[in-house]
Amino acid sequence: MELIDGKKVAQKLREELKEKVKLLESKPSLAVIRVGDDAASEIYVKLKRKMCEELDITFTEYHLDKSIEQTDLIDLIEKLNDDESVNGILLQSPIPYHLNIIEAFERIAPEKDVDGFNPINVGRLAQSQECFAACTPVGIMKLLEEYNIDITGKNCVVIGRSNIVGRPMAQLLLNANGTITVCHSKTKNLAEITKTADILVVAIGNPKFITADMVKEGAVVIDVGINRLTDTKKLIGDVDFENVKEKCSYITPVPGGVGPMTIITLMGNVIKAYENQHK
Ligand code: NAD
């Protein structure tokens, strides 16, 4: 079994992106919109700020009060769409329930949609066209590439069908010529399906849900899950790592696998947006 070291790959990409930014005529810039006081969002946005600072990308946070109206949110998005000094726009989810996040994503200009949630980008992904796609699955594709894991003709099973991970993951694997099965909470005989996977991507949010008996000998196992244990506060994945690792050819640990790839992929997307806008 070989460990897929996302931390190491992300560090390498970070150095490459740093050099890339130095060669640009001006600094790329990312605008992040955060609404309300979700504690996890505050941490995620801080991490994004820190990474931008490290890469010399201009970072601006717009922190809106939880009581804002949908029109206030849309007005800000439109303002950022029109601002030529802004290359990438990210709306941090979740946002308060009275707001319509789908409409908000629709209003972010596709060329600035560095998170890949605008339906134009989702549609382009579905047609295997050049686009921005969700950062976590794109980061996973980079990990597979880095470890020379071929996808063509492989049975790929994705567990989870969220817009952030499962769906774009399935699409990216399909675009890379994999044979795809998507499983979710209504799937019957899940273990029978997971046992067919050459590449198994798990994005559920349920600690140690995937056990060794659900995994084929020699499979590549990608664990997207991040679960914090209430007693020890330890982070663990959706895969029973200790037992599954004995059976597979490659596996991502939690933490240090998929997680570090998400932010670095976002940074890559901001630079890509800058370059596209300066062509
Ligand atoms: P979500 O809650 O939006 O989706 C979970 C999916 O799992 C759903 O599609 C659901 O149908 C499926 N599911 C639930 N129970 C199931 C079961 N018993 N059998 C089969 N399928 C089942 O979650 P999400 O946003 O896709 O995130 C999933 C996990 O990945 C979470 O732990 C989250 O924290 C983590 N995550 C990690 C990163 C990262 O950067 N590493 C990024 C995003 C999400």
Side-chain angles (χ1 to χ4, degrees), residues 1-14 32 34 36-54 90 92-94 115 134-144 146-147 149 157-169 183-185 190 194 197 199-215 219-268:
M1 180 280 300
E2 190 175 346
L3 201 65
I4 298 184
D5 189 342
K7 207 170 155 194
K8 196 167 105 193
V9 175
Q11 269 163 6
K12 187 186 109 181
L13 292 173
R14 190 177 66 194
V32 172
R34 180 162 67 93
D37 300 307
D38 180 75
S41 293
E42 195 181 340
I43 295 170
Y44 290 140
V45 170
K46 263 192 195 144
L47 291 172
K48 287 166 190 170
R49 176 194 292 276
K50 203 169 150 236
M51 188 61 83
C52 280
E53 283 169 0
E54 214 182 315
L90 182 154
Q92 184 68 45
S93 65
D115 245 351
C135 295
T136 301
V138 172
I140 292 169
M141 295 303 282
K142 285 192 189 134
L143 281 180
L144 295 174
E146 195 68 28
Y147 281 81
I149 295 166
V157 175
V158 177
I159 317 184
R161 56 175 164 180
S162 69
N163 291 338
I164 295 183
V165 189
R167 284 172 201 265
M169 185 75 252
C183 302
H184 46 78
S185 55
L190 185 69
T194 57
I199 299 175
L200 178 63
V201 182
V202 191
I204 307 174
N206 195 339
K208 293 191 183 179
F209 183 86
I210 297 295
T211 47
D213 57 318
M214 297 169 84
V215 176
V220 174
V221 178
I222 307 291
D223 189 354
V224 189
I226 303 178
N227 309 287
R228 194 175 286 281
L229 295 180
T230 37
D231 46 355
T232 58
K233 303 277 177 246
K234 211 178 137 198
L235 284 187
I236 64 164
D238 290 346
V239 175
D240 178 6
F241 182 84
E242 285 308 318
N243 293 311
V244 171
K245 80 177 196 312
E246 304 300 333
K247 238 181 151 180
C248 53
S249 56
Y250 291 89
I251 188 165
T252 60
V254 177
V258 173
M261 294 301 292
T262 300
I263 289 192
I264 205 67
T265 302
L266 172 69
M267 298 297 119

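Just so it is clear, the values below take in all heavy atoms, side chains as well, and ignore hydrogens, waters and symmetry mates.
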Q.
If I take atom CE from residue Met141 and atom CD1 from residue Ile149, how far apart are they, to the nearest 0.5 angstrom?
A. 11.0 Å

Q.
Is there a side-chain contact between Cys52 and Met267 in this structure, where contact means two heavy atoms from C-beta onward sitting under 4.5 Å apart?
A. yes

Report, one line per pair, each donor and acceptor closer than 3.5 Å where one atom sits in a side chain of residues 200-214; sequence neighbours left out.
{"residue": "Thr211", "atom": "OG1", "partner": "Asp213", "partner atom": "OD1", "Å": "2.5"}

Q. Do the side chains of Ile4 and Ile222 get nearer than 4.5 Å, heavy atoms only?
A. yes

Q) Would Ile226 and Leu235 count as a side chain to side chain contact (heavy atoms under 4.5 Å, CB included) if you check the C-alpha gap in whole Å, the side-chain angles of each, and the deciding distance to 0.1 Å? A) CA-CA 6 Å; Ile226 303 178; Leu235 284 187; 3.8 Å; yes

(Q) For Ala219, is there any backbone N or O sitting under 3.5 Å from a side-chain donor or acceptor partner on Ser249? (A) yes

Q: Indicate yes or no: at least one non-hydrogen side-chain atom of Ile199 is less than 4.5 angstrom from one of Tyr250.
A: no

Q.
Does any part of the side chain of Lys50, heavy atoms only, come nearer than 4.5 Å to the side chain of Glu54, both counted from C-beta?
A. no

Q.
Can you confirm whether Ile236 sits close enough to Val254 that some side-chain heavy atom of one is under 4.5 Å from a side-chain heavy atom of the other?
A. no

Q: Please round to the nearest 0.5 Å and tell me the distance separating atom CG of Leu3 and atom NZ of Lys8.
A: 9.5 Å

Q.
Let's go through Phe241 and Ile251 carefully: what are the C-alpha distance in whole Å and the side-chain angles of both, what is the deciding distance for side chain to side chain contact (heavy atoms under 4.5 Å, CB included) to 0.1 Å, and is it a yes or a no?
A. CA-CA 8 Å; Phe241 182 84; Ile251 188 165; 3.7 Å; yes

Q.
I want to check something: taking the side chain as every heavy atom from C-beta on, are Cys135 and Asp115 in contact at a cut-off of under 4.5 Å?
A. yes

Q. Got Gln92 and Lys48 here, is their nearest side-chain heavy-atom distance under 4.5 Å?
A. yes

Q. Are Arg161 and Ser185 side-chain neighbours, meaning at least one heavy-atom pair lies under 4.5 Å?
A. yes

Q: Could you walk me through whether Glu53 and Arg49 pass the side chain to side chain contact (heavy atoms under 4.5 Å, CB included) test, one step at a time?
A: CA-CA 6 Å; Glu53 283 169 0; Arg49 176 194 292 276; 3.5 Å; yes

Q: Show your working on side chain to side chain contact (heavy atoms under 4.5 Å, CB included) between Cys183 and Val157 and close with a plain yes or no.
A: CA-CA 7 Å; Cys183 302; Val157 175; 3.9 Å; yes

